Amino acid sequence: MAERPAKQQKLDASTTPANVIIQFQSPEGEATGPQLDVPHDVTPEQLETLLNGLLQAEERLPYSFFVEEQELAAELGAHLLKHKVSVESVLHVMYQPQAVFKVRAVTRCTASMPGHAEAVLSVNFSPDGRRLASGSGDTTVRLWDLNTQTPKHTCKGHTSWVLVVAWSPDAAIVASGDHSGGIWLWDPSTGKPLGQCKGHRKFIASISWEPAHVELPSRRFCSGSKDATIKVWEASTRRCLFTMSNHTQAITQVKWGGDGLIYSAARDCSINVWAAADGRMVRSLKGHGHWVNTMSLSTDYALRTGAFDHTGNAPADTEAAKAAAKQRYDAARGGRPERLVTGSDDFTLFLWEPSTQKQPLARMTGHMQLINQVTFSPDGRWIISASFDKSAKLWDGMKGAFVATFRGHVGPVYQVAWSADSRLFVSGSKDSTLKVWDLRSKKLLMDLPGHADEVFSVDWSPDGESVASGGKDKVLKLWRR
Amino acid sequence: MPQGEHIELHRKRYGRRLDHEERMRKKEARSVKKRAAMAQRALGIKGKMFAKERAKEKATMRKTIAMHEERDKKHKADDGQKGSAVPAYLLEREQVERAKVLSNTIKQKRKEKAGKWEVPLPKVRPVAEDEMFKVLRTGKRKKKEWKRMVTKVTFVPPGFTRKPPKYERFIRPTGLRMNKAHVTHPELKATFQLEIIGVKKNPNGQAYTGLGVVTKGTIIEVNVSELGLVTPGGKVVWGKYAQVTNNPENDGCINAVLLV
């Protein structure tokens with residue numbers, strides 16, 4: 001018995017080599033610096049220091065490290081043992097830059113704002129994160145003051161449920177679409193209507209504005225409706241510029257991409273790509289076997305926030321702001337064409353590169369119920385899908401590989417929203433709770449009960465300060481740190 | 001017994017009477033009055049049978065009329081506009097009609113601690129022991145009288161194992177065992193068939209509670225997980241109390257009201 005521990009120790013020493021030869025790799029797969037001989041108990045923080053030195057960065061930037069697609073969370077040696085990675089050859093360690101700022105998880109409800117007389121159907125923060133708009137079943141759009149957490153303006157005009165609310169990327173106009181097909185434009189600073197766009201005959205499912213780096217005082221937006229058409233509107237004259245109709249069933253979502261293309265998902269199982277300049281159909285992406293419910297672009301976050309950075313500031317000058325938006329968009333694109341992910345009633349997701357090819361990059365299976373929402377992380381590296389099977393799943397945003405499942409909700413997950421730094425996300429569910437999840441540990445970070453009924457809509461402000469949620473219980477809740 | 005189809009044959013050869021159509025029309029027109037007269041005249045079981053028949057006819061008539069009206073109506077296919085508002089992603093989805101308002105304000109636990117219930121039926125008729133139990137005579141000469149048979153509906157938990165029959169004092173007949181109850185949610189005015197989890201309290205006494213006897217006024221615990229109720233903390237509620245409102249032994253089913 002006395003010999004046993006000594007023997008054990010010896011065995012340990014032989015299985016964990018004292019040193020490991022590693023080679024840093026950029027996300028694109030290029031080698032960075034020479035091969036390094038590091039001790040096996042090196043931590044991610046130490047690797048970060050090492051890499052910052054290698055890259056000769058002026059200020060220390062945060063990185064996350066991946067060994068064979070697995071994120072390095074603990075000491076290198078322990079990680080290698082756990083995942084049974086061979087150290088016979090050079091170990092390639094891929095690094096991924098993280099956001100330089102950190103969003104802190106929301107922990108409590110700071111305000112329950114009553115006002116709506118019916119269920120809150122859509123909640124949206126402005127691109128600068130300073131204002132909040134909500135659409136409700138009581139046919140009004142409400143604008144809220146985030147500093148005092150009180151209602152600011154009530155916009156009346158719609159005749160039926162306000163299903164979608166969309167901010168223009170310069171935060172100057174709010175467009176809202178209703179259940180009878182009407183679209184209204186509002187001035188968010190005064191709450192006065194700017195005008196009405198008539199044309200759709202059935203309910204508006206989605207509205208998307210032209211990106212800021214293309215046109216800066218935002219001018220055009222597109223809307224998708226149940227009448228199977230997509231219309232592009234001029235906001236200043238409220239005229240329909242052109243109509244795109246090739247879908248045979250209700251449009252579920254439209255996206256105005258940054259590459260001069262408009263994407264539309266519909267219940268006829270197809271995703272169409274249109275030229276934004278003239279409405280010509282470029283290609284049709286086929287693959288789904290049932291309704292396509294949702295889609296997301298890898299550049300969504302950059303397109304949404306436009307010229308505003310994570311503090312909510314943008315250059316005052318139009319040209320400079322346009323250039324800033326362009327820069328942010330290019331950074332989000334990362335030298336590759338933008339990717340599109342779609343989620344469907346057939347329980348699968350598809351990853352596309354719609355500007356170049358009509359074949360999908362990947363088909364992602366695993367959900368057991370329909371997928372209600374899918375979103376790319378702000379850095380475009382991850383995909384979260386929210387499903388009626390009570391779970392959210394995390395996928396690799398580049399290749400479409402499955403990473404993790406987030407279980408915890410007891411009802412269908414309706415909506416998910418990312419924090420600006422891509423480290424956290426929040427999910428809202430039919431079970432009346434919101435849950436904040438941590439990407440690094442892949443665990444539940446915070447459970448946020450408080451709603452009295454289903455949570456229909458969730459949004460995390462682009463400045464990371466607060467989360468807003470609205471649901472069937474008619475109150476809008478703000479959650480903060 | 002008719003030998004051959006004489007009437008048909010005659011009709012084929014010579015045709016019908018010339019005024020046949022007219023006579024049939026008149027007969028048909030008079031039949032209503034004739035029927036009414038018969039309805040008034042019929043007494044006793046005949047009258048009852050007639051009334052029942054007529055009621056059936058009227059019901060089908062009403063249904064057909066409603067169906068025709070539906071077809072004639074030129075209304076738009078309204079898409080849930082009248083109900084509560086739902087977001088775009090839930091429109092036209094086959095929603096399970098849940099008809100629920102989450103009662104988050106239920107302080108059921110606190111009430112339970114206080115031991116007080118505001119129940120829909122505060123007072124119940126006391127059930128005497130000789131009504132509740134039937135004495136069974138046992139033994140070879142049938143002179144022992146220590147066995148009792150429960151004459152009311154009982155709930156027996158699924159995992160129950162019988163004692164050896166020799167020592168079983170109380171017999172709960174399988175024919176009177178029930179494990180489902182029709183529970184009405186008083187706010188929603190909706191009724192659900194729910195599984196019984198247990199008998200919480202029988203107002204007639206602790207002994208009956210222990211035996212799982214379900215009489216009018218008994219508090220039972222039912223499984224409400226399919227109603228989708230959630231506590232303020234976001235946990236699913238699965239057990240809630242309900243009070244029995246009927247006499248299950250007479251009706252063959254348990255009707256209850258949910259206590260909220």
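Labels below follow one simple rule: chain letters A, B, ... track the order of the sequence lines, proteins then strands, and each chain is numbered from 1. Nothing here was measured: the structure is a model prediction, and the numbers come from that model.
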So what's closer than 4.5 Å to chain B heavy atoms on A/Leu370: side chain, backbone, both or neither?
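Only the side chain of A/Leu370 comes within 4.5 Å of chain B.
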If I measure from the heavy atoms of chain B, does A/Asp345 come under 4.5 Å with its side chain, its backbone, both, or neither?
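Side chain only.
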Counting only heavy atoms not in B/Arg54 (residues, nucleotides, ligands), do more than 12 fall under 6.0 Å from its CZ?
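Enclosed.
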Other residues, nucleotides and ligands only: do more than 12 of their heavy atoms fall within 6.0 Å of NZ on A/Lys390?
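Counting other residues, nucleotides and ligands, NZ of A/Lys390 stays at 12 neighbours or fewer.
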Taking every non-hydrogen pair under 4.5 Å, which of A/Arg267, A/Lys202, A/His409 racks up the most with chain B?
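The residue among A/Arg267, A/Lys202, A/His409 with the greatest pair count is A/Arg267.
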Restricting to side chain to side chain contact (heavy atoms under 4.5 Å, CB included), what partner residues turn up for B/Lys216, sequence neighbours left out?
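Per chain and number, B/Lys216 pairs via side chain to side chain contact (heavy atoms under 4.5 Å, CB included) with B/Leu121, B/Asn247.
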Specify the closest pair of heavy atoms between B/Ala85 and A/Gly137, including all atoms of both residues, with the distance to one decimal.
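Heavy atoms of B/Ala85 and A/Gly137 come nearest at CB-CA, 3.4 Å.
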Calculate, to the nearest 0.5 Å, the distance between atoms CD and CH2 belonging to B/Glu92 and A/Trp291 respectively.
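B/Glu92 atom CD to A/Trp291 atom CH2 measures 6.0 Å (nearest 0.5 Å).
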Using the ring-ring contact (aromatic ring centres under 6.0 Å, His included) rule, collect all pairs that involve residues 148-169 of chain B, keeping only residues at least two apart or in two chains.
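Output for this query is empty, none listed.
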Check the pair B/Leu91, A/Leu163 against side-chain contact (heavy atoms from CB on, under 4.5 Å), reporting the backbone distance first and the verdict last.
CA-CA 10 Å; B/Leu91 283 173; A/Leu163 296 174; 3.6 Å; yes
Determine the interplanar angle of the B/Tyr89 and A/Tyr414 rings, folded into 0 to 90°, and report it as parallel if under 30°, tilted if 30 to 60°, perpendicular if over 60°.
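Because their plane-to-plane angle lies in the 30° to 60° range, the rings of B/Tyr89 and A/Tyr414 count as tilted.
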